[in-house]
Asks: 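What follows is a structure written as structure tokens; I'll ask about it next.
The analysis underlying the following values was restricted to heavy atoms, covering all of them including side chains, and did not include hydrogens, waters or symmetry mates.
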Amino acid sequence: MKQFTMTLSKRLQRPVVKLENFFNIYAMIDTGALFPVWNYKEEILTMIGGVKIASNAGFRGFGGKTFGNIYRIPNFRVGDLIFPQFHIVANRDNLPCHMLLSATVFNNLIYEIDNFHHKLNVTIPDSESVSRNLVITDSNGILHVACTSSEF
């Protein structure tokens, strides 16, 4: 097994981490969320190599149905996790950070939000890889997300 730890922000009551190996953006961990969501200027996504793959996609979240553009961004990182191609929904909402990391980002991993010590602890079982593949697909207007180990 491999493990890594990230520091949670002490300023917020919510679990927010600074993605130091991904442009120092702040990401809130939402264990009830299905889709990762970009909550900042979409121009930033294109500046870092993101490609819009769907427009105005409907999804459930933020207390109801909402819409966003789906992007594929290269070389996204969360701690030691590497996502060669990472799909994310761009939707401007009132979050205290640049993006929301959904529970699906940590699919088949063991993760602990330790609010007492302000740590996010992630364990990668031997059956999983640090290289991950997160894909959002649209099936007749219904978005689906899958995250699995991948090869480089």
Side-chain angles (χ1 to χ4, degrees), residues 1-50 57 59-137 143-152:
M1 284 201 229
K2 297 175 185 144
Q3 297 179 316
F4 68 91
T5 298
M6 298 176 72
T7 302
L8 296 175
S9 170
K10 292 180 183 177
R11 295 182 303 120
L12 301 168
Q13 291 180 322
R14 299 173 181 180
V16 173
V17 294
K18 184 177 184 180
L19 302 181
E20 293 176 359
N21 53 4
F22 193 78
F23 304 102
N24 291 320
I25 65 170
Y26 288 90
M28 183 172 68
I29 299 156
D30 186 340
T31 60
L34 189 59
F35 303 103
V37 177
W38 180 258
N39 189 52
Y40 199 55
K41 301 173 187 172
E42 286 187 48
E43 299 82 38
I44 302 291
L45 290 176
T46 56
M47 285 174 46
I48 61 174
F59 69 102
R60 298 205 68 66
F62 304 110
K65 186 166 184 170
T66 188
F67 297 87
N69 298 323
I70 301 173
Y71 282 82
R72 182 179 61 239
I73 55 178
N75 302 315
F76 179 69
R77 292 178 176 261
V78 176
D80 293 347
L81 300 176
I82 304 163
F83 297 84
Q85 299 293 319
F86 184 80
H87 290 198
I88 190 165
V89 179
N91 173 283
R92 293 297 294 266
D93 207 328
N94 190 21
L95 295 177
C97 54
H98 299 102
M99 70 181 301
L100 181 140
L101 290 176
S102 60
T104 50
V105 170
F106 303 102
N107 190 45
N108 292 326
L109 306 178
I110 302 162
Y111 62 104
E112 171 193 42
I113 298 170
D114 178 350
N115 281 320
F116 185 80
H117 296 105
H118 304 286
K119 302 287 183 191
L120 169 67
N121 302 308
V122 179
T123 302
I124 305 155
D126 291 336
S127 59
E128 295 293 319
S129 170
V130 295
S131 180
R132 316 289 293 159
N133 196 17
L134 189 137
V135 177
I136 299 173
T137 56
L143 294 184
H144 302 276
V145 62
C147 183
T148 59
S149 285
S150 68
E151 297 296 323
F152 282 106

Asks: Once rounded to the nearest 0.5 Å, what's the spacing between atom OG of Ser129 and atom CG of Leu109?
Replies: 10.0 Å
Asks: Is any side-chain heavy atom of Tyr40 closer than 4.5 Å to one of Ile25?
Replies: no
Asks: Can a donor-acceptor pair be found, under 3.5 Å and without considering hydrogens, that links the side chain of Asn107 to the backbone of Ala146?
Replies: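 No, the answer is negative, given that no donor and acceptor are paired below the 3.5 Å cut-off.
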Asks: Please find the pair of heavy atoms, one from Tyr111 and one from Ala103, that lie closest to each other, and give the distance.
Replies: OH-CB, 3.5 Å
Asks: Please examine the side chains of Val17 and Leu19, heavy atoms only from C-beta on, and report whether any two atoms are closer than 4.5 Å.
Replies: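 Yes, close enough: below the 4.5 Å cut-off.
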Asks: Working to the nearest 0.5 Å, report the span between CZ of Phe22 and CG of Asn75.
Replies: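 Phe22 atom CZ to Asn75 atom CG measures 8.5 Å (nearest 0.5 Å).
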Asks: Working to the nearest 0.5 Å, report the span between OH of Tyr71 and CD1 of Ile136.
Replies: 13.0 Å
Asks: Quick check: closest heavy atoms across Arg77 and Ile82, and the distance to 0.1 Å?
Replies: NH1-CG1, 3.4 Å
Asks: Check the pair Asn39, Leu100 against side chain to side chain contact (heavy atoms under 4.5 Å, CB included), reporting the backbone distance first and the verdict last.
Replies: CA-CA 7 Å; Asn39 189 52; Leu100 181 140; over 6 Å; no
Asks: Enter the distance from Lys10:NZ to Asn115:CG here, rounded to the nearest 0.5 Å.
Replies: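 Answer rounded to 0.5 Å: 12.5 Å.
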Asks: For a side chain to side chain contact (heavy atoms under 4.5 Å, CB included) check, start with the C-alpha distance between Phe35 and Asn91, then their side-chain angles and the critical distance, and finish with the verdict.
Replies: CA-CA 11 Å; Phe35 303 103; Asn91 173 283; over 6 Å; no
Asks: Between Lys2 and Val130, which heavy-atom pair has the shortest distance, and what is it?
Replies: CD-CG1, 4.0 Å
Asks: Under a 3.5 Å threshold, yes or no: a donor from one side chain and an acceptor from the other, between Asp30 and Ser102?
Replies: no
Asks: Mind checking whether Phe106 and Leu81 have side chains closer than 4.5 Å, heavy atoms only?
Replies: yes
Asks: Going from CE on Met6 to CD1 on Ile29, what distance comes out if it is rounded to the nearest 0.5 angstrom?
Replies: 7.0 Å
Asks: To the nearest 0.5 Å, how far apart are CG in Leu45 and CD1 in Ile88?
Replies: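 Rounded to the nearest 0.5 Å, the CG-CD1 separation comes out at 6.5 Å.
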Asks: Would you please test Leu120 and Glu112 for side chain to side chain contact (heavy atoms under 4.5 Å, CB included) and show each step?
Replies: CA-CA 6 Å; Leu120 169 67; Glu112 171 193 42; over 6 Å; no
Asks: Identify the heavy atoms of Leu8 and Ile113 that sit nearest to each other, and give their distance.
Replies: CD1-CG2, 3.9 Å
Asks: Kindly give the heavy-atom pair with the smallest separation between Pro36 and His87, and that separation in Å.
Replies: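 Of all heavy-atom pairs spanning Pro36 and His87, the closest is CG-O, 3.4 Å.
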Asks: Less than 3.5 Å apart, any donor N or O on the side chain of Arg132 or Ser149 sitting next to an acceptor on the other?
Replies: yes
Asks: Could you go step by step and tell me if Thr66 and Phe59 meet the side chain to side chain contact (heavy atoms under 4.5 Å, CB included) rule?
Replies: CA-CA 6 Å; Thr66 188; Phe59 69 102; 3.4 Å; yes
Asks: Hey, is the main chain of Gly79 close enough, under 3.5 Å, to the side chain of Asn21 for a donor-acceptor pair?
Replies: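 The answer is yes, because a donor-acceptor pair under 3.5 Å joins these two groups.
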Asks: Identify the heavy atoms of Val145 and Thr104 that sit nearest to each other, and give their distance.
Replies: CG1-CG2, 3.7 Å
Asks: Can you tell me if Tyr26 has over 12 outside heavy atoms packed within less than 6.0 Å of its OH?
Replies: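 Open.
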